[in-house]
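Note: hydrogens, waters and symmetry copies are ignored here, and every other heavy atom, side chains too, is used. Since the model is a prediction, treat every value here as computed from it, not as a measurement.
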Amino acid sequence: MLRLFDTAVGDIVEIVPIAPGRFSMYVCGPTVYDLAHLGHGRYALVFDVLRRYLEWRGLKVRHVSNITDVDDKILERAEAENRSPSEVASEFEEKWFSTMAKLGVLKPHEIPHATAYVGQMVALIGRLLDEGVAYLGEDGIYFDVSKVGDYGLLARQSLESLKAGARIAEKDFKKSPMDFALWKFSDPSSWSWESPWGPGRPGWHTECVVMSVDLLGEEFDLHGGGLDLSFPHHENERAQAEAMHYKFSHHWVHNGFVMVGSEKMSKSLGNFTTLDELLETTDPRAYRLLVLQSHYRSPLDVNSQTVAEASRALSRLDSTCQRVLDAGVDMTSSQLDEEELQAFREAMDNDLDTPTATGRLFELRSKVNQLLDDGMLEEAGKACATMEHLFGALGLTLHGTEEAELPSNVKEIVERREEARSVKDFALSDRLRKELSDLGFAVEDTPSGPKVKRR
RNA sequence: GGCGGCGUGGCCGAGUGGCUUAGGCAAGGGCCUGCAAAGCCCUGUACAGCGGUUCGAUUCCGCUCGCCGCCUCCA
């Protein structure tokens, strides 16, 4: 079975689903106040791949991922643009899902919204107060981290050492600098909800506890997100769950950052590229391939060079598929290669080792070409079908490279070029190739005729 | 200051106590081609530095240097 690196353990552990054959996962989703950047794309792709792989392994997965639509930054933007927070939130949520669709990220089965859970958050905060693990501060209700014995587990640090490095501005009334806001009082005239303690807004760390427990129960298999969420966000979620005596998530999984040069890409550093910008010039599948070619916990450098390399690698995969199609091989009846499936499973089971898995698939691609060269069409079909199937399991669909319908002027030039070649007028032929090239099309001469593709 | 991680051939990027050079991209040579392209074959002898453990370390341990992340909002 699958083994994954569990942040709470600090090591790779065997993943044993709570209910055999089923898997429940909660992945922290975006705060919708701006466009999604490459880092969001990576986490979404990583957990999309995890989900798809679990499903490929035959598990019935329940994937929940939230939309955080209550946040100070949403309010700031709304005020700056003189519109309501909900308008801002719904705009960026819509854009989020349209970008995710381009990336081929499957929609989670449930998409809870924080605003729909404020009532439940208030109820949870009330219970935390009753338990004596929360207290009233000057500007809100705070969680008392000293009440959780192993606070700091996900940071792999003790409360003492966390305190030692705390950079957070001290508020005198807080018992510990690590204590965090559960409820923030606010002016009733601004964006706020009613609570027994007065109008206000919920702190960020409570919503995921309430939503995950509501939809997946007090005990579920996996909780995930970007590495930057491990502390304090996930730790604070865990602290609340501990205080409530929930069993909560069995495993905590985090993906590494997208780097810009040697710096983490983040909104606060302002060094981000939006996914939409990337996708204007890049096949979304190339970004998925780039993500797959590095391990999910490693930092990933995304720049024009690494993107170009992935694009190039992708187009070679596509052209191999095209070769198989051109050879007239019917892959629908092809058996899959068991040995390859097994190797794929082993790589993926080993902490989602997609670089090894894809490396193997590139070798398979080479094998398909060799078999085609040798005229072993049936074997080539089997290998190609396996390759397509396994890339498909990773959410990457391969397809042929030929344009379904060429513009008529392009078609006409191609025909004229063929005529020129048939009478060996290669000077004209080369001029026409140049013309096509200027129009953005590449032509390749093959035994079965010219192949035209967009460049 | 505390904690965690990283340093692999031109670049990206896996992995391992000794089998056999992961893989991708780029490069060089060859086959094929009117020329190209695609494809195939061949080529580069890498694991930061210094010690230690070991019959043997890129892989284990220690130290040094360099880099990064978290401890504040962040995927």
Side-chain angles (χ1 to χ4, degrees), chain A residues 7 10 27-31 34 36-47 71-73 152 154-158 160-169 177-178 180 204 224-233 235 254-259 261-269 272 289-290 292-295 297-303 305-317 319-320 322-323 347 350 353-363 365-366 368-370 372-374 401 421 424-427 429-430 433 437 442-447 450-451 453:
Chain A
T7 310
V27 182
C28 275
T31 301
D34 204 349
H37 62 60
L38 301 181
H40 295 104
R42 186 183 192 193
Y43 104 78
L45 287 167
V46 163
F47 286 97
D71 183 88
D72 289 351
K73 296 207 175 84
L154 292 179
R156 308 210 62 70
Q157 284 196 79
S158 68
E160 278 313 306
S161 67
L162 282 167
K163 274 188 207 163
R167 290 175 290 176
I168 192 167
M178 307 316 293
F180 57 92
W204 178 38
L227 186 57
D228 43 7
L229 296 188
S230 67
F231 192 93
H233 182 56
E235 185 62 26
H254 298 98
N255 66 276
F257 300 127
V258 169
M259 309 297 286
S262 60
E263 249 186 356
K264 171 190 168 189
M265 174 174 291
S266 77
K267 286 183 183 173
S268 47
L269 290 173
F272 61 89
L289 183 60
L290 181 57
L292 290 171
Q293 284 188 288
S294 74
H295 187 84
R297 286 189 285 118
S298 302
L300 173 63
D301 228 307
V302 182
N303 55 51
Q305 190 193 333
T306 57
V307 168
E309 285 181 4
S311 299
R312 178 105 178 95
L314 176 65
S315 82
R316 299 183 113 164
L317 290 168
S319 58
T320 293
Q322 184 65 48
R323 277 193 81 192
N350 180 24
D353 186 357
T354 55
T356 294
T358 51
R360 182 98 192 182
L361 293 179
F362 276 105
E363 290 185 76
R365 163 192 157 277
S366 183
V368 172
N369 282 316
Q370 286 169 45
L372 287 172
D373 285 353
D374 295 344
T401 50
R421 292 184 69 232
K424 301 212 185 304
D425 183 351
F426 297 120
S429 162
D430 288 346
R433 195 214 299 274
S437 168
V443 59
E444 292 175 13
D445 300 315
T446 76
K451 298 290 172 208
K453 59 186 178 188

J.: Once you apply a heavy-atom cut-off of 4.0 Å, does D72(A) come out as touching a base, just sugar-phosphate, or nothing?
T.: nothing
J.: Just the rounded figure in Å: distance from P of rG13(B) to CG of L292(A).
T.: 14 Å
J.: Is Q305(A) near enough to rA26(B) that one of its side-chain N or O atoms lies under 4.0 angstrom from OP1 or OP2?
T.: no
J.: Looking across every strand, which nucleic acid part, if any, lies under 4.0 Å from F257(A) by heavy atom: base, sugar-phosphate, or nothing?
T.: base
J.: So what does R323(A) hit on the nucleic acid, given a heavy-atom distance under 4.0 Å: a base, only sugar-phosphate, or nothing?
T.: sugar-phosphate
J.: Pick the closest RNA chain B nucleotide for G256(A) and for S161(A) by heavy atoms, then say which residue is nearer the 5' end.
T.: S161(A)
J.: Would you mind telling me which residue lines up with the more 5' stretch of RNA chain B, T306(A) or H40(A), judged by nearest nucleotide?
T.: T306(A)
J.: Looking across every strand, which nucleic acid part, if any, lies under 4.0 Å from D228(A) by heavy atom: base, sugar-phosphate, or nothing?
T.: base
J.: Scan S294(A) against the nucleic acid and name what it touches under 4.0 Å (heavy atoms): base, sugar-phosphate only, or nothing.
T.: sugar-phosphate
J.: Compare the ring of F362(A) with the six-membered ring in the base of rG23(B) and state whether they stack (centres under 5.5 Å, planes under 30°).
T.: no
J.: Consider the side chain of Y43(A), meaning its heavy atoms from C-beta on, and name the nucleotide among rC73(B), rA75(B), rA37(B) that approaches it most closely.
T.: rA75(B)
J.: Taking the side chain of D445(A) as heavy atoms from C-beta outward, which of rA22(B), rU72(B), rC35(B) is closest to it?
T.: rC35(B)
J.: Measuring from atom CG of L372(A) to atom CZ of R323(A), what distance do you get when rounded to the nearest 0.5 angstrom?
T.: 4.5 Å
J.: I want to check one thing: is the phosphate of rC73(B), taken as OP1 and OP2, less than 4.0 Å away from some side-chain N or O of K267(A)?
T.: no
J.: Under 4.0 Å between any heavy atoms, over every strand shown, what does V46(A) touch: base, sugar-phosphate, or nothing? Just pick one.
T.: nothing
J.: When we call it a touch if two heavy atoms are under 4.0 Å apart, what does V27(A) touch: a base, just sugar-phosphate, or nothing?
T.: nothing
J.: Determine whether any donor atom in the side chain of D430(A) lies under 3.5 Å from an acceptor atom in the base of rG34(B), or the reverse, and answer yes or no.
T.: yes
J.: Classify the nucleic acid contact of M259(A) as base, sugar-phosphate or nothing, counting any heavy atom under 4.0 Å across all strands shown.
T.: sugar-phosphate
J.: Roughly how many Å apart are rC73(B) and rA38(B), using the C1' atom of each and rounding to a whole number?
T.: 50 Å
J.: Taking OP1 and OP2 of rC70(B), is either one under 4.0 Å from a side-chain nitrogen or oxygen of K264(A)?
T.: yes
J.: For a quick check of understanding: with a heavy-atom distance under 4.0 Å over all strands, which category does R312(A) fall into, base, sugar-phosphate or nothing?
T.: sugar-phosphate
J.: How close or far is atom C1' of rU33(B) from atom CZ of R433(A), stated in whole angstroms?
T.: 10 Å
J.: Do you know the tightest heavy-atom contact between R365(A) and R316(A)?
T.: NE-O, 3.6 Å
J.: Grab the CD-C1' distance between Q157(A) and rC70(B) for me, whole Å please.
T.: 8 Å
J.: If you measure from the P atom in rG34(B) to the same atom in rU45(B), how many Å do you get, rounded?
T.: 36 Å
J.: Can you measure L300(A) atom CG to rA75(B) atom C1' for me and round it to whole angstrom units?
T.: 13 Å
J.: Should S294(A) and R42(A) count as side-chain neighbours, where that means a heavy-atom distance under 4.5 Å?
T.: yes
J.: Whole angstroms only, please: what is the CZ-C1' distance between F231(A) and rG69(B)?
T.: 14 Å
J.: What integer distance in Å separates L290(A):CG from rG13(B):C1'?
T.: 10 Å
J.: For the side chain of L229(A), counting heavy atoms from C-beta on, which of rG24(B), rA14(B), rA75(B) is nearest?
T.: rA75(B)
J.: Taking N and O atoms by type only, does the side chain of Q293(A) place a donor or acceptor under 3.5 Å from a partner on the base of rG24(B)?
T.: no
J.: Reckon K73(A) touches a base, only the sugar-phosphate, or nothing at all at heavy-atom distances under 4.0 Å?
T.: base
J.: Would you say rC40(B) has OP1 or OP2 under 4.0 Å from some side-chain N or O of S366(A)?
T.: yes
J.: For G225(A), report the nucleic acid contact type (base, sugar-phosphate, nothing); a contact means any heavy atom under 4.0 Å.
T.: sugar-phosphate
J.: From the list rC12(B), rA36(B), rG39(B), which nucleotide is the closest neighbour of the side chain of E309(A)?
T.: rC12(B)
J.: Scan side-chain atoms only and decide if H254(A) and S230(A) contain a donor-acceptor pair under the 3.5 Å cut-off.
T.: no
J.: In whole angstroms, how far is the C1' atom of rC68(B) from the CD atom of E263(A)?
T.: 10 Å
J.: Can you see which heavy atom on A310(A) is nearest to which on L290(A), and at what distance?
T.: CB-CB, 4.0 Å
J.: Hey, does H37(A) reach any base, or is it just sugar-phosphate, or nothing, if we go heavy atoms under 4.0 Å?
T.: base
J.: Quick one about N369(A) and T320(A) (side-chain donor to acceptor, distance below 3.5 Å, no hydrogens or angles considered), yes or no?
T.: yes
J.: Return the value, rounded to whole Å, for the distance between atom CG of D34(A) and atom C1' of rC73(B).
T.: 14 Å
J.: Taking only side-chain nitrogens and oxygens of N255(A), does any of them come within less than 4.0 Å of OP1 or OP2 of rA75(B)?
T.: no
J.: Any N or O donor-acceptor pair linking the side chain of S429(A) to the base of rG34(B) at under 3.5 Å?
T.: yes
J.: Looking at every strand, decide which applies to D373(A) at a 4.0 Å heavy-atom threshold: base, sugar-phosphate, or nothing.
T.: sugar-phosphate
J.: Does R316(A) make a side-chain N or O approach to OP1 or OP2 of rG39(B) shorter than 4.0 Å?
T.: yes
J.: Establish, with yes or no, whether the OP1 or OP2 oxygen of rG39(B) is under 4.0 angstrom from a side-chain nitrogen or oxygen of R365(A).
T.: yes
J.: Looking at every strand, decide which applies to E363(A) at a 4.0 Å heavy-atom threshold: base, sugar-phosphate, or nothing.
T.: sugar-phosphate
